[in-house]
Every structure is written in C-alpha cells, then in structure tokens.
Chemist: 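The structure under discussion is supplied below as structure tokens; questions concerning it will follow.
What you are looking at is a predicted structure, and each value in this text was computed from that prediction instead of being measured. The chains referred to below are lettered A, B, ... by the order of the sequence lines, with proteins before strands, and numbering in each begins at 1.
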Amino acid sequence: MEIKILRDVLATNEAVAKENERLFGEKKVFVLNLMASPGAGKTSFILRTIEGLKDDFKMAVVEGDIASKVDAERVREQGVPAVQINTGGACHLDANMIKNSLALLDLDEIDFLIIENVGNLVCPAEFNLGETLRAMILSIPEGDDKPLKYPLMFTESHVLIVNKMDLLDWTDFDLERFKGVVGRLNSKMKVFELSCKSGEGVEDWIDWLKTRLISFRT
Amino acid sequence: MHELAVTQEILSIVLAEAESNGAKRIKKVRVRVGEMTAVVGDCVRFYFDIISRGTIAEGAEVEIENIPIEARCSACGRVYRASELDFLCSFCGGIGSLISGRELLVEGIEIDQSGEGSGNKDS
C-alpha cells in the first residue's frame, strides 16, 4: 500500500528557528550567524568586530565548537559574555542548540548576538538558526576555487568576508576571477575584503554593520 | 556528516506515518532531494540501513529522486535550468529566483499492513 506524506525533512528545525526568530525580534536582538572553514579566522574576526562595536552595542557570543573552551575564553577576556556549545562531534549548529543556549544569556541585556558556527563550509548552510544575517568568511590561503566546491554556502550567505587579504600577494588566489564566480552565484551578496591581522578593511565592515544595527534597533 | 541528523528525521517521519496507518512493515521510502541541498543520497541510504535496524523500516528500500535546479529570470521572465555553480539566466544572463532545487522531502512510503513478508527482511 502506498502512502503519500510530502513532509519537509527539515521542518522541525525550521519550526524551532522560527521560534528563535520571534524571540530575537521581541527582544530586539540582532543575530549574526557566522560560518567558515576551520582556520579561516572566525574567532579573530569576532574579536575585531567586538573591538569595533562594544562601546556602542551590548554584545554576546555563542560559540559552537566541537570540543573546546578556548574560543569562548578569548571572547570573555574582552568583557563580552560568551556561551560555548560543544556539539560533541556534530558538524553544524541547529536551531534547538541555539534555543537551549539562550537560557544562559539575558536577551534583555543584548543588542547584538554573534553565533560562531562549527568550522565547516557544507552543513551549517542547511540549518536555519533564526538569525538576522548570515555571513561567511573565506580566507585567501583556502583558494579561489571554493565557491565551486561549496556553492550552497555562497548562495545562502548575505555577506562574504574575504579574510587574510595581507597574504594575497603570496598566493595564486585570483581575486577578480573569484569575485566573478561569486557574482554569478549570488549577485546580492555584500563582499568585504579585509585582514583581521593588520586591521586593513575592518573599518568598512564595522561601519556597514553599525548602520544595519542602528536601523534594526529603530 | 549532517546526513545522519537528516536521516534520523526521515526515519521518525516514516515510522510515525506507518504506525498511524497500521503498518507491519515499511517496504519502500521515497525521498525528494533538490540538487541545491548539501545532502548526499548514498549517505542517507547508508545511515538509513543502520538506524532502521530493529524497527518496522528495517530493510526498506530508500528511493531518492533528485530535483533539478530551476529558476525564473527577473529580466526576461523565462524559466531556465540553472546549475549548482551558476545561477544566472542561461538565455540572457539576468538574475533569476529559484523555483526548485532546495527540496528535502519525504514523498511517501510503501507499507505492508498484513504482516506478510515481515519474516524475510532483506537486511
């Protein structure tokens, strides 16, 4: 006997993500879901972002790492509350993990929440967390062919951070070719070229984000 | 990778549906997977074989239908087949919006209500 079901497999995650989104909206919390490969510079990018915004906005960070407390400690040293989710080997964060982690944060005291997703360019793109903005980091040493290998991440992100620009001259990375491919995949994506090490280009990102945060708050 | 989480969700959907229909055994599970998802069909089958053991879905065939990526061009209005690596309109190069390709659906199941054949599980 045949039975029609037609049910979305990710419906459970989507439902929880919607709940998170509603809660973030109520509490006026702007949420950034940050995705990248291991070593692309997620943590130093977060530290740069904290540096640029912490005087104007109350921030917090949810760290989704596989099994470490190092990243959360580096964030707390900046005076920003951080919650560490140890996914215990899972390759992505899902909406329910975020929902559970929110119990450890006072949302009334937060304007801007950064979620550092697990280091991976594949799986996190599939799981909506209820975020306001999705950003990905690609660092120059990873190579300019990455959009062709992980297209979903490039089509699902609103912002692309090209990090480690200070290494451009030392690699074969073809920036024009890269931007051409990215444009064909996601013409609406906002691209920032910067170096978290030298600080070059970080200001443009901070200025743009500040504008988004202010318009979100009002 | 995350196919395990996806497969667990598929299994719980089909088990709930089968039980509410009085199934003794699930023979086939039909899944639709868009080309624009990060889900590998072979991984889903592999995990399904393992995690369905001891349930009425043990030994069920997992049939996966791949859904191509289609978009409608905002400039010329035509529907075109996009590739995973190039979203622009194949006719005029305009920007398109996705019509299909992001599906991840349990389409349906084939069940036995009589209990016949439940003794020869081909696991």
Side-chain angles (χ1 to χ4, degrees), chain A residues 1-16 35 37 64 66 87-97 117-128 136 144-157 177-178 180-189, chain B residues 1-14 16-18 20-40 44 69 71 74 82-89 93-98 101-114:
Chain A
M1 181 188 161
E2 280 284 334
I3 299 168
K4 277 262 172 236
I5 301 178
L6 289 175
R7 274 265 301 278
D8 185 348
V9 176
L10 295 176
T12 313
N13 186 69
E14 283 299 316
V16 180
M35 299 170 285
S37 299
I66 288 176
T87 59
C91 51
H92 61 273
L93 294 178
D94 64 31
N96 203 43
M97 293 178 198
N117 218 310
V118 179
N120 178 345
L121 281 183
V122 184
C123 323
E126 283 289 1
F127 293 84
N128 191 354
M136 66 168 295
D144 55 26
D145 58 343
K146 288 300 164 291
L148 302 177
K149 292 185 174 172
Y150 308 101
L152 186 62
M153 185 57 80
F154 284 83
T155 52
E156 291 295 299
S157 297
R177 192 179 89 110
F178 172 74
V181 173
V182 167
R184 294 184 80 82
L185 277 174
N186 184 349
S187 51
K188 290 181 204 139
M189 185 147 66
Chain B
M1 301 181 97
H2 61 299
E3 277 85 355
L4 179 57
V6 164
T7 312
Q8 278 163 337
E9 201 57 42
I10 294 173
L11 182 65
S12 78
I13 291 171
V14 300
E17 199 69 31
S20 69
N21 283 282
K24 294 280 186 296
R25 185 182 166 221
I26 300 175
K27 293 197 294 189
K28 193 181 260 187
V29 177
R30 290 198 174 85
V31 183
R32 272 190 219 169
V33 180
E35 284 174 6
M36 199 68 221
T37 61
V39 174
V40 178
V44 172
I69 306 166
S74 60
S83 97
E84 196 183 10
L85 303 175
D86 191 346
F87 267 30
L88 298 184
C89 175
I95 296 163
S97 52
L98 209 62
R102 291 285 286 130
E103 296 81 356
L104 186 54
L105 292 175
V106 178
E107 192 186 351
I109 48 177
E110 223 176 283
I111 57 165
D112 258 339
Q113 285 173 308
S114 59

Chemist: From A:Leu6 CG over to B:Glu107 CD, what is the distance, rounded to the nearest 0.5 angstrom?
Modeler: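 Taking CG in A:Leu6 and CD in B:Glu107, the distance rounds to 6.0 Å.
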Chemist: Among B:Leu98, B:Val14, B:Thr37, B:Val39, single out the residue with the greatest number of heavy-atom pairs under 4.5 Å to chain A.
Modeler: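 Option with the greatest count: B:Thr37.
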Chemist: Would a 4.5 Å heavy-atom cut-off, applied to side chains only, mark A:Met1 and B:Asp112 as touching?
Modeler: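 A side-chain contact is absent here, since even the closest heavy-atom pair is not under 4.5 Å.
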Chemist: Taking all non-hydrogen atoms of both residues into account, name the closest pair between A:Val9 and B:Val6 and its distance.
Modeler: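 So the two residues come closest at CG1-O, 3.6 Å.
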Chemist: Please state whether the side chain, the backbone, both or neither of B:Ile95 comes within less than 4.5 Å of a heavy atom of chain A.
Modeler: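 Side chain only.
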Chemist: Please report the shortest heavy-atom distance between B:Met36 and A:Pro151, naming the atom on each side.
Modeler: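 Looking at all heavy atoms of both residues, the closest pair is CE-C, 4.1 Å.
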Chemist: Please flag which part of A:Phe154 lies under 4.5 Å from any non-hydrogen atom of chain B: side chain, backbone, both or neither.
Modeler: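 For A:Phe154, there is no contact with chain B at all, as no heavy atom is under 4.5 Å.
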Chemist: So what's closer than 4.5 Å to chain B heavy atoms on A:Pro124: side chain, backbone, both or neither?
Modeler: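 No part of it gets close to chain B.
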Chemist: To the nearest 0.5 Å, how far apart are NE2 in B:His2 and CD in A:Glu126?
Modeler: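 So the NE2 of B:His2 and the CD of A:Glu126 are separated by 5.0 Å.
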Chemist: Starting at SG of A:Cys91, measure out to CG of B:Leu4 and round the result to the nearest 0.5 Å.
Modeler: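 The SG atom of A:Cys91 sits 9.0 Å away from the CG atom of B:Leu4.
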Chemist: CG of B:Asn21 to CD1 of A:Ile5: how many Å apart, nearest 0.5 Å?
Modeler: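 It comes to 8.5 Å.
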Chemist: For the OG1 atom of A:Thr155 and the CZ atom of B:Arg102, what is their distance to the nearest 0.5 Å?
Modeler: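 Those atoms lie 6.5 Å apart.
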Chemist: I'd like to know if B:Glu9 and A:Arg7 make a salt bridge, using a cut-off of under 4.0 Å between side-chain N and carboxylate O.
Modeler: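 Result for this pair is no, no salt bridge flagged.
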Chemist: Picking from B:Arg30, B:Arg32, B:Glu103, which has the most non-hydrogen pairs under 4.5 angstrom with chain A?
Modeler: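 Highest number of heavy-atom pairs under 4.5 Å: B:Arg30.
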